[in-house]
Amino acid sequence: MLGSIACSMEFEDFDLYSYFYGLVKQIPEGYVTTYGDLAQALGDPIAARAVGYMLSINEDPDTIPCYRVVLHDGTVGNYTHPLGPMEKVRRLRADGIPVVDGMIENFDRYRFRDFKTDQPLRKMQQYQEYIARKYSESGAGEFRTVAAFDVSYEERRAFASMVIQDGSTIEAYVISDGINFPYIPGYLAFREFRFIKKLYRKADLLLIDGNGILHPRFAGLATHAGVLLDRASIGVAKHLTRSTRHQDIIYMQDRPVGVMIRKNMIVSPGNFIDVNGSADTVRKMWNDRYPWPLKLAHQLSTRHAETGGRVSEYSIESAHELH
DNA sequence: GCGACAG
DNA sequence: ATCTTGTCGC
Ligand SMILES: [Mg+2]
């Protein structure tokens with residue numbers, strides 16, 4: 001029964017930006033809060049930097065009072081404005097907050113933390129635990145068709161690509177759509193999975209830029225996608241995080257979850273494959289020490305982001321050249 | 001003070 | 001990821 005509840009809430013359309021700006025509006029005039037307190041109200045203190053980022057791209061500073069968000073040590077912090085933090089100080093003083101030398105006097109007295117929130121990131125963590133339970137390490141081991149995915153970004157727009165190899169045939173697809181979730185460490189799947197789902201065509205293996213079970217809750221983007229699309233999947237990341245390494249094997253809480261197959265290339269199983277199988281599979285499909293479908297997907301999405309998505313036909317021919 | 005924080 | 005308003009632990 002709990003499983004069926006989880007199935008009905010994949011969070012793909014959840015707009016964290018709107019939810020977040022709603023929280024910022026709760027800060028009363030004459031009070032301040034911190035980036036960390038807002039992150040806690042979202043459900044996880046690790047989101048503090050994402051809070052700063054979302055404030056920085058706020059398009060409506062007249063109704064969303066960014067300037068009431070300050071650093072944990074009582075200094076006012078940054079502000080995107082021609083006048084910079086000076087303008088932040090001016091607005092705080094206009095609210096009656098005493099600021100001396102960029103520091104709020106009697107900080108505790110003015111601090112607001114009583115947000116009305118249901119901490120959405122907590123429910124998302126629970127959903128990740130459900131995804132992790134669905135991971136299976138056994139599968140076919142041989143894959144005829146491979147689909148590789150990557151996503152590039154502007155502030156509120158994403159350009160996502162998929163490159164499919166079926167024997168000697170290569171097809172490439174690009175889509176563009178708005179973004180409803182910022183990058184938050186540990187929550188990448190809630191930002192990127194919906195683009196992968198939209199692009200997805202039947203393939204035996206999904207190759208994904210990010211981690212699989214190499215994740216604090218064993219449910220990185222590649223596992224999230226593999227489980228929800230019921231496909232074999234592998235995560236390929238450039239940076240190692242939140243784990244320990246002995247030789248080239250990566251561990252999380254003493255469980256092997258990935259392999260460093262070279263500097264700046266970490267492979268972890270997403271679904272229907274194990275740690276060694278995922279590393280062997282990626283090693284078989286690289287060209288110049290990089291799995292070529294992923295490289296192509298990366299180039300496709302970045303190129304489309306740079307040109308604003310205008311028809312810059314980066315075509316099948318160049319795909320063949322790279323292969 | 002410096003590094004960690006998947007993209 | 002892009003070029004950017006954090007926080008915590010060592
Ligand atoms: Mg990427």
Side-chain angles (χ1 to χ4, degrees), chain A residues 20-21 24 27 32-40 42 44-59 61 64-89 91-92 102 128 149-161 179 181-196 208-225 234-244 250 252 257-258 260 264-270 294 297-298 301-302 304-306:
Chain A
F20 171 73
Y21 293 129
V24 178
I27 311 164
V32 293
T33 196
T34 69
Y35 300 93
D37 288 340
L38 273 166
Q40 191 60 249
L42 286 173
D44 193 332
I46 204 163
R49 269 199 312 179
V51 164
Y53 177 69
M54 289 190 284
L55 293 170
S56 79
I57 64 170
N58 170 24
E59 286 169 10
I64 300 164
C66 300
Y67 66 92
R68 294 177 187 156
V69 186
V70 301
L71 289 172
H72 185 79
D73 64 3
T75 56
V76 298
N78 227 325
Y79 198 66
T80 304
H81 185 278
L83 297 175
M86 275 185 59
E87 175 64 13
K88 192 171 187 175
V89 170
R91 290 185 184 223
L92 285 168
Q128 290 179 322
F149 299 84
D150 199 8
V151 188
S152 293
Y153 294 97
E154 292 175 354
E155 282 185 354
R156 289 300 299 267
R157 178 152 291 273
F159 297 87
S161 66
I179 301 170
F181 205 94
Y183 171 67
I184 302 172
Y187 300 84
L188 178 63
F190 298 106
R191 177 167 168 87
E192 294 199 347
F193 173 63
R194 73 192 183 89
F195 304 119
I196 292 174
I208 292 174
D209 182 33
N211 287 325
I213 62 172
L214 202 178
H215 182 274
R217 293 169 287 282
F218 305 102
L221 173 62
T223 300
H224 195 106
I234 295 174
V236 181
K238 295 177 244 350
H239 303 288
L240 184 56
T241 60
R242 299 151 167 256
S243 53
T244 58
I250 319 295
M252 290 228 34
V257 291
M260 180 172 274
N264 291 326
M265 187 165 299
I266 297 96
V267 174
S268 60
L294 258 189
H298 180 76
S301 59
T302 15
H304 277 257
E306 282 164 2

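To find a chain, count down the sequence lines: A is the first, B the second, and so on, and within it residues start at 1.
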Nearest-angstrom distance, C1' atom, B:dC5 to C:dT4: 15 Å
So salt bridge (charged side-chain N to carboxylate O under 4.0 Å, His left out) across residues 68-80 of chain A, not counting sequence neighbours, yields A:Arg68-A:Asp95
Notebook entry, point to check: Ignoring hydrogens and geometry, is there a side-chain-to-backbone donor-acceptor pair from A:Thr223 to A:Ile213 under 3.5 Å?
Noted result: yes
The single option from A:Val70, A:Val69, A:Leu71, A:Val76 that satisfies side chain to side chain contact (heavy atoms under 4.5 Å, CB included) with A:Val32 is A:Val70
Residues pairing under salt bridge (charged side-chain N to carboxylate O under 4.0 Å, His left out) where one sits in residues 216-225 of chain A, two or more places apart or in two chains, turn out to be none
* Taking the side chain as every heavy atom from C-beta outward, state whether A:Asn264 and A:His239 have any atom pair closer than 4.5 Å. => yes
Writing each nucleotide of DNA chain B 5' to 3' as (, ), [, ], | or . by Watson-Crick or G-U pairing under 3.5 Å yields |||||..
To the nearest 0.5 Å, atom CD1 of A:Ile179 lies from atom CD of A:Glu154 at 8.0 Å
Those residues at least two apart in sequence (or on a different chain) that pass salt bridge (Lys or Arg N to Asp or Glu O under 4.0 Å) with A:Asp150 are none
Here the pair of heavy atoms bringing A:Ser268 nearest to A:Val257 is CB-O, 3.0 Å
- Side-chain heavy atoms of A:Tyr35 within contact of A:Met54, under 4.5 Å: no
For nucleotides 1-10 of chain C, 5' to 3', base contacts (B), sugar-phosphate-only contacts (S) and non-contacts (-) with protein non-hydrogen atoms under 4.0 Å give SS--BBSS--
| query | Taking atom types as modelled, is there a side-chain donor on A:Tyr153 or A:Glu192 under 3.5 Å from an acceptor on the other? | reply | yes
**Message:** Please give the distance between the C1' atoms of B:dA6 and C:dT5 as a whole number of Å.
**Reply:** 23 Å
Students should find that the nucleotides of DNA chain B closing off the region near chain A, any atom under 4.0 angstrom from a heavy atom, are B:dC5 to B:dG7
Next on the checklist: Within the 4.0 Å heavy-atom criterion, would you say A:Gly235 contacts the bases, only the backbone, or no part of the nucleic acid?
Outcome noted: nothing
